[in-house]
Amino acid sequence: SLEKALSSEKALSVEKAEGIPPISFTYFPHQLTAETALLCQGYDAVCVFVNDELNAKTLYILHEAGIKHIALRCAGFNNVDIATAHELNISVSRVPAYSPETVAEHTLALILTLNRKTHKAYNRVKEGNFELSGLLGFTLHNKTVGVIGTGRIGQSVIRILKGFGCNVLCYDPYPNEQLKQEGVVYTSLESLFSQSHIVTLHCPLTEQSYHLINESSIALMPKGAMLINTSRGGLIDDKSVINALKSGHLGYVGLDVYERESELFFSDHSQDIIQDDVFQRLLTFPNVLVTGHQGFFTKEALSEIATITLDNLRFFAGD
Ligand code: NAD
């Protein structure tokens, strides 16, 4: 598989597809940045992930190095300066629809862990403490959940939530007709925020959606509401979230993504960032649950990512 291929430092060939020359890969165990882009000298394509930085500076260096294609192994493409890639005639492929259920299930895992405080309970039981005080949860059945973004993952989340007997409210600038016919209710962002016990984000990070969750959107949410983000860190202004956790206005926060996560993953200073004011303060709240961008990380999703990325590269190679 591509994942296996990419975890080997050796160059290797992938089996020949009809009419297309075999593809050779070299794995570099580095984040792609303007500093490491020169490693791509002499290659035709580069295969990257969510935390690689494909800004204009990196793209100019890649172009000079001979790169003609960028194969993203992820759905989101907010880390690529698409306009500059276009200008430099570098094509970009991504994996838009690998197992949306995988991320949807992780979203539910965050919701269900937070609403029943399972993470706290587990730590207590390990210490032989079977007290229930402080573990009072709430039932998901009949709660109103606001889903922002009703693409592939959002739709999967909606279907699971319906199974739990939740009332679902949605917002998307492009409402899905099929979902509407199935009875899914679209509303304005303001009305979604003001009616939802739980708000979950499933839209891409764009100029329009940057810091969609901020002081004023949180103020609209009911006291004690839950906020879940498995999409991209930049959708949330962390400082407003911390203030709302402090005041008790937000009751629960579940995050799989964090604005400075590329620094956390790749930096030699990840401990400094963990100590950083905002991240550290988020982790000190017992009603906050953070996972490290693992929403996509199942056997099934990795296999689909590898297959689709290889198809994308074969398409590029055969072009
Ligand atoms: P998708 O393209 O199928 O759906 C995105 C939806 O968001 C679309 O319906 C679009 O109209 C809507 N949208 C666009 N701008 C919006 C806005 N400003 N407000 C509300 N809705 C808006 O994408 P998807 O496959 O469902 O993925 C959603 C996001 O999940 C991705 O962009 C990616 O950032 C994230 N993701 C995270 C992981 C993970 O491991 N945590 C894995 C895959 C994807």
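Read the numbers this way: they start at 1 and go in the same order the structure lists the ligands and their atoms.
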Checklist entry - In the hydrophobic clustering that connects Ile, Leu, Val, Met, Phe, Trp and Tyr at side-chain heavy-atom distances below 4.5 Å, which members other than Tyr174 occupy its cluster, ordered by chain and number? => result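 Listed partners: none, Tyr174 stands alone.
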
Item to check | Members besides Ile61 in its Ile/Leu/Val/Met/Phe/Trp/Tyr cluster (side-chain heavy atoms under 4.5 Å) | outcome: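 The other cluster members (ILVMFWY side chains, heavy atoms under 4.5 Å, direct or chained) are Leu38.
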
Item to check | Atom-level proximity to ligand 1, residues with heavy atom under 4.0 Å | outcome: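 Heavy-atom contacts below 4.0 Å: Pro96, Tyr98, Val103, Ile148, Gly149, Thr150, Gly151, Arg152, Ile153, Tyr171, Asp172, Pro173, Tyr174, His202, Cys203, Pro204, Ser209, Thr230, Ser231, Arg232, Asp256, His293, Gly295, Phe296.
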
Checklist entry - In terms of side-chain geometry, is the basic nitrogen of Glu177 or Lys180 positioned less than 4.0 Å from the acidic oxygen of its partner? => result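 Answer for the salt bridge query: yes.
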
Item to check | Arg159/Glu182 salt bridge by N-O under 4.0 Å criterion | outcome: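 Salt bridge flag = yes for Arg159 with Glu182.
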
Checklist entry - salt bridge (charged side-chain N to carboxylate O under 4.0 Å, His left out): which pairs involve residues 224-235, sequence neighbours left out? => result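 Those involving residues 224-235 do not exist here.
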
Next on the checklist: Ring-plane angle category for His69 and Phe316, please: parallel below 30°, perpendicular beyond 60°, tilted otherwise.
Outcome noted: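 Parallel: the ring planes of His69 and Phe316 meet at under 30°.
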
